[in-house]
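Written below as structure tokens is the structure these notes are about.
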Amino acid sequence: MSAKVFVITGPSGVGKGTLIKRLLERVPDLALSVSATTRSPREGERDGVDYHFLTEEQFQERKAAKDFLEFASYSGNHYGTLNSELERCLEKGRSVVLEIEVQGAQQVRQSKPDSVQIFIAPPDPAVLRERLTGRGTDSAEAIDKRLKVAEQELGAQDDFDHRIVNDDLDQAADELESIVRTATCG
């Protein structure tokens with residue numbers, strides 16, 4: 001069995017993080033790549049665990065040095081996957097999960113065409129506003145920005161190998177686990 005790269009993406013508020021948490025509980029030999037970001041930590045987030053928190057200057061230096069597998073700007077902040085983070089997981093023979101933005105997923109598709117690309121979709125776009133508002137972590141302005149981006153992202157879902165509608169969390173988690181287990185055993 002060779003180590004695989006699983007790209008999991010979808011609009012903000014669709015439940016990617018929750019589904020990935022369940023996936024990692026069910027398939028513990030998977031590794032989660034920790035992304036880098038220029039956004040400020042949310043309450044309870046830890047550097048190196050939830051994200052690698054970088055200043056704008058640090059991010060641009062890493063970008064210029066080609067340290068990123070992929071990077072994207074989203075809602076006024078930068079996000080990226082460090083090559084070193086991915087290699088750390090793959091060198092141990094572990095398949096790795098990337099939770100990234102749609103534009104980053106497109107970059108990974110070009111540089112790692114054997115990656116397994118999974119799009120998480122909402123049952124209805126209106127659900128995203130409810131979920132984002134319910135999280136209580138973003139201002140109304142930030143939520144509006146995220147929803148504008150979500151409209152564009154939903155238009156790209158047909159470009160992905162797999163599409164999971166997160167209508168029922170247990171069913172979506174089962175589908176995600178099935179995709180991963182099939183890809184790693186095949």
Residues that Glu101 engages under side chain to side chain donor-acceptor pair (under 3.5 Å), provided they are two or more places apart: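 Per chain and number, Glu101 pairs via side chain to side chain donor-acceptor pair (under 3.5 Å) with no residue.
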
Those residues that, when tested against Glu56, pass side chain to side chain donor-acceptor pair (under 3.5 Å) (two or more places apart):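 Here the qualifying residues are Gln60, His78.
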
According to a hydrophobic-cluster definition based on side-chain heavy atoms being under 4.5 Å apart (Ile, Leu, Val, Met, Phe, Trp, Tyr only), do [X] and [Y] belong together?
X      : Y     : result
Leu176 : Leu32 : yes
Tyr79  : Leu69 : no
Leu24  : Leu19 : yes
Val96  : Val27 : no

Is the shortest heavy-atom distance from the side chain of [X] to the side chain of [Y] under 4.5 Å?
X      : Y      : result
Thr184 : Asp29  : no
Leu86  : Lys112 : yes
Phe68  : Asn83  : no
Gln117 : Phe6   : no
Glu175 : Asn166 : no
Phe53  : Glu45  : yes
Asp47  : Pro41  : no

Partners meeting side-chain contact (heavy atoms from CB on, under 4.5 Å) with Arg88 (sequence neighbours left out):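 With sequence neighbours excluded, Arg88 shows a side-chain contact (heavy atoms from CB on, under 4.5 Å) to Glu85, Lys92, given in chain and number order.
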
side-chain contact (heavy atoms from CB on, under 4.5 Å) partners for His162, two or more places apart: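 So His162 forms a side-chain contact (heavy atoms from CB on, under 4.5 Å) with Val116, Ile118, Ile179.
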
Atom pair CD/OG of Glu70 and Ser115 - distance to nearest 0.5 Å: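 Glu70 atom CD to Ser115 atom OG measures 11.0 Å (nearest 0.5 Å).
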
Short side-chain to backbone donor-acceptor contact, Thr182 and Ser178, under 3.5 Å: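 It does hold such a pair.
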
Salt bridge (Lys or Arg N to Asp or Glu O under 4.0 Å) partners of residues 150-171, not counting sequence neighbours, each pair once: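 As it turns out, the salt bridge (Lys or Arg N to Asp or Glu O under 4.0 Å) pairs with a partner in residues 150-171, which skip direct neighbours, are Arg22-Asp170.
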
Counting only pairs under 3.5 Å, give me each side-chain donor-acceptor contact of residues 120-128, with atom names and distances, residues two or more places apart or in other chains.
residue: Asp124; atom: OD1; partner: Ala126; partner atom: N; Å: 2.7

side-chain contact (heavy atoms from CB on, under 4.5 Å) evaluation trace for Thr9 with Gln103: CA-CA 9 Å; Thr9 192; Gln103 56 184 308; over 6 Å; no

